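Values in this document were obtained by computation on a predicted structure and should not be read as measured data.
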Amino acid sequence: MSNHDYSFETQLLHNQYKFDPATGGVSVPVQYASTYHQPSVDKFGKYDYSRSLNPTREAVEEIIAGLEGGTRGFAFSSGMAAISTAFLLLSQGDHVVVTEDVYGGTFRMVSQVLTRFGIEHTFVDMTDLAAVKEAVRPNTKLFYAETPSNPLMKVTDIQAISDIAKEHGALTFVDNTFMTPYLQRPLELGADIVLHSATKFLGGHSDTVSGLAVVKDEELGNRLYSLQNAFGAVLGVQDAWLVMRGIKTLSVRMQQSQENAIKIANFLKDHPLVKKVHYPGFEDHPQYEIHKKQSYGPGAVLSFELESEQLLKDFVNNVKLPVFAVSLGAVESILSYPTKMSHAAMPAEEREKRGISGSLLRLSVGLESADDMIKDFAESLRVSSAHASHQGGIR
Ligand SMILES: *Cc1c(COP(=O)(O)O)cnc(C)c1O
């Protein structure tokens, strides 16, 4: 019986790493060795140096490959290390079409680093397929999507983008950080490389910075392996273990966080001081149908716009439960301010063009009781609006 005969929930726990064949230990051993004794001059073992291959890292790489429906996984020292290494598949003179509301770090990599190596880019609204087609040049080699996007939760049709890419002999990368393979599996929709910041939902506990990449095609896998080894931004073994530990509870965490997120999104939507809530779980979300078709749920991240920037400041000061921090995808709810956090690397006019305003907050919903969160938010909004109106911040 192969792993894939089991449901996703079961596969999270029952894979070839269920126990250590040497000892029966029900946890993958953390192998700190950087180098490995070789039997003889003529016969080398499977492992020789831990940048090239390490048994603990190998375990998380194979686990994520299985969960994404790929053939090969790669673990990196951060999400950005995974993304940047994948970009190294490009060469001077190539062109990449990138979703316009891409993660701030990816924006920085594309606009400040790749340009220095003669790799061109065009940012497009990937919800607009006509605009995507228009952006194609003879040297377009890559389409880079992130769906739902950060922080406005716009949804890109992965299959449609992959089809356009194939027509032009180009690759498609999808940053699947917000969804995880529990909710969305881009390789099954035609993508070539799935990328993750495992710092987020896969790790899930705000205690590791790590990145993953998965491919289906064997040749592409060989090329990416070669780049992982050449660039060398590999994941350390302790962090590999933490990601594996996180993955074991992925389904229950995602399920509960999503259920809580749906309740909180609905509360915010009905609140008079909230101008707009961006969440792909709403039927009036512009790409609701596409998201429903390509994923198994709306996820646990949403963003919302308050009446004013002053109200936002007061709300953040008064709210008690969520941590106010960069990052997302953890057991605790995380409230963040894209303008000064995830998208600080983006020039103000670029942010405004994309609709990321100074009164927008992003919320990654965790495992607290949704009722407690709603009570906390309601009270903070009440106190803050009294303060803001006193300051003349609200008309
Ligand atoms: C956090 C994040 C990244 C970057 O990952 P790091 O682990 O912080 O390097 C990339 N993409 C998305 C969508 C993210 O949220």
(request) Over all heavy atoms of both residues, which pair between P280 and P298 is shortest? Give the atoms and the distance, please. (result) CG-O, 3.6 Å

(request) State whether a side-chain donor-acceptor pair under 3.5 Å links Q184 with N176. (result) yes

(request) Mind checking the CD-OG spacing from E332 to S364? Nearest 0.5 Å is all I need. (result) 8.5 Å

(message) To check you understand the geometry: which heavy-atom pair defines the closest contact between I64 and P181, and what is its length?
(response) CD1-CG, 4.1 Å

(request) Please list all pairs passing the ring-ring contact (aromatic ring centres under 6.0 Å, His included) test where one or both residues lie in residues 304-362, with sequence neighbours left out. (result) F315-F377

(request) For N15 and Q11, test the side chains for any donor-to-acceptor distance below 3.5 angstrom and give the result as yes or no. (result) no

(request) Using the side-chain contact (heavy atoms from CB on, under 4.5 Å) rule, take F8 and R185 through it: C-alpha gap first, then chi angles, then the decisive distance, then the call. (result) CA-CA 11 Å; F8 189 88; R185 295 193 276 279; 3.6 Å; yes

(request) Measure the spacing between CD1 of I264 and OG of S257 and express it to the nearest 0.5 Å. (result) 9.5 Å

(message) Using modelled atom types and a 3.5 Å cut-off, is there a donor and acceptor pairing between side-chain atoms of S149 and backbone atoms of K154?
(response) yes

(request) Sequence neighbours left out, what pairs pass side chain to side chain donor-acceptor pair (under 3.5 Å) with at least one residue falling in residues 160-171? (result) none

(request) Go through the structure and list residues passing side-chain contact (heavy atoms from CB on, under 4.5 Å) with S226, not counting sequence neighbours. (result) none

(message) As a quick check of understanding, evaluate side-chain contact (heavy atoms from CB on, under 4.5 Å) for V274 and F267, giving each step before the final call.
(response) CA-CA 10 Å; V274 178; F267 158 79; over 6 Å; no

(message) Check whether H278 reaches the backbone of K276 with its side chain - one donor and one acceptor, N or O, closer than 3.5 Å.
(response) no

(message) Measuring from atom CG of D192 to atom CG of L224, what distance do you get when rounded to the nearest 0.5 angstrom?
(response) 11.5 Å

(message) Under 3.5 Å, is there a donor on one side chain and an acceptor on the other for H14 and T10?
(response) no

(request) Look only at the side chain of T199 and the backbone of S210, and say whether a donor-acceptor pair between them is shorter than 3.5 Å. (result) yes

(message) Tell me if a side-chain donor or acceptor on N260 pairs with a main-chain N or O of E368 at a distance below 3.5 Å.
(response) yes

(request) Indicate yes or no for a side-chain donor-acceptor contact from T85 to the backbone of Q228 under 3.5 Å, with no hydrogens or angles considered. (result) no

(request) Please collect all side chain to side chain donor-acceptor pair (under 3.5 Å) contacts where either partner lies in residues 111-131, sequence neighbours excluded, each pair once. (result) H95-T122, E120-R137, E120-N139, T122-R137, D125-T127

(request) Determine the minimum heavy-atom distance between G299 and Y279, stating which atoms define it. (result) O-OH, 2.6 Å

(request) Indicate the atoms forming the closest heavy-atom contact of E307 with P272, along with that distance. (result) OE2-O, 3.8 Å

(message) Is a donor from one side chain sitting under 3.5 angstrom from an acceptor on the other, for T249 and R253?
(response) yes

(request) Kindly give the heavy-atom pair with the smallest separation between L306 and K275, and that separation in Å. (result) O-CE, 3.8 Å

(message) Whether the side chain of S295 engages the backbone of H291 through a donor-acceptor N/O pair (distance < 3.5 Å, no angle test) should be reported.
(response) yes

(request) Could you tell me whether K269 and D284 make a salt bridge, using a distance below 4.0 angstrom between a side-chain N and a carboxylate O? (result) yes

(message) Side chains of E218 and N222: any donor to acceptor distance under 3.5 Å?
(response) no

(message) I'd like to know if the side chain of T177 and the backbone of S197 have a donor-acceptor N/O pair within less than 3.5 Å.
(response) yes

(request) Scan residues 47-80 for pairs that pass ring-ring contact (aromatic ring centres under 6.0 Å, His included), counting only residues two or more places apart or in two chains. (result) Y36-Y47

Side chains of residues 232-239: which donor-acceptor pairs under 3.5 Å do they make with residues two or more places apart or in other chains?
from: Q238; atom 1: OE1; to: Y32; atom 2: OH; distance (Å): 2.4
from: D239; atom 1: OD1; to: T208; atom 2: OG1; distance (Å): 2.8

(request) Provide the closest heavy-atom pair for L152 versus S303 in the form atom of the first, atom of the second, distance. (result) CA-OG, 4.1 Å

(request) Would you kindly say whether E146 and T99 are connected by a side-chain donor-acceptor distance under 3.5 Å? (result) no

(request) State whether a side-chain donor-acceptor pair under 3.5 Å links N318 with R382. (result) no

(message) So that I can tick it off, tell me whether E350 and K353 are bridged by a salt bridge, with the cut-off set at under 4.0 angstrom between side-chain N and carboxylate O.
(response) yes

(message) Among residues at least two apart in sequence or on other chains, which ones pass side-chain contact (heavy atoms from CB on, under 4.5 Å) with I290?
(response) V155, D157, Q287, Q294

(request) Please answer whether the main-chain N or O of V326 pairs with a side-chain N or O of S336 as donor and acceptor at a distance below 3.5 Å. (result) no

(request) State the CZ-CG distance between R245 and L202, to the nearest 0.5 angstrom. (result) 15.5 Å

(request) With rounding to the nearest 0.5 Å, note down the distance linking CG in L328 to CZ in F178. (result) 5.0 Å

(request) Look at the side chain of S359 and the backbone N and O of E309, then say whether any donor-acceptor pair between them is shorter than 3.5 Å. (result) no

(message) For E305, give me all partners under salt bridge (charged side-chain N to carboxylate O under 4.0 Å, His left out), at least two apart in sequence or on another chain.
(response) none

(message) Count I, L, V, M, F, W, Y as connected when their side-chain heavy atoms are under 4.5 Å apart, and connections chain through other members. Are F143 and L220 then in the same cluster?
(response) no

(request) Spell out, as yes or no, whether a donor-acceptor pair under 3.5 Å connects the side chain of R57 to the backbone of S50. (result) yes

(message) Can you classify the ring geometry of F173 versus Y144 as parallel (below 30°), tilted (30 to 60°) or perpendicular (above 60°)?
(response) perpendicular

(request) Could you tell me which residues satisfy salt bridge (charged side-chain N to carboxylate O under 4.0 Å, His left out) with K340, sequence neighbours excluded, listed by chain and number? (result) none

(request) Would you please test Y17 and E58 for side-chain contact (heavy atoms from CB on, under 4.5 Å) and show each step? (result) CA-CA 10 Å; Y17 295 100; E58 184 183 22; 4.2 Å; yes

(request) Any chance you could measure S27, atom OG, to M244, atom CE, to the nearest 0.5 Å? (result) 7.5 Å

(request) Output all residues satisfying side-chain contact (heavy atoms from CB on, under 4.5 Å) with D372, sequence neighbours left out; order by chain, then residue number. (result) L321, S369, K375

(message) Taking the ring of F282 and the ring of Y288, is the distance between their centroids below 6.0 Å?
(response) no

(request) Supply the members, apart from V41, of the Ile/Leu/Val/Met/Phe/Trp/Tyr cluster built from side-chain contacts under 4.5 Å; use none for a lone residue. (result) none

(request) Go through the structure and list residues passing side-chain contact (heavy atoms from CB on, under 4.5 Å) with K141, not counting sequence neighbours. (result) L90, D94

(message) Is there a side-chain contact (heavy atoms from CB on, under 4.5 Å) between T56 and V60? Walk through the geometry before answering.
(response) CA-CA 7 Å; T56 311; V60 73; over 6 Å; no

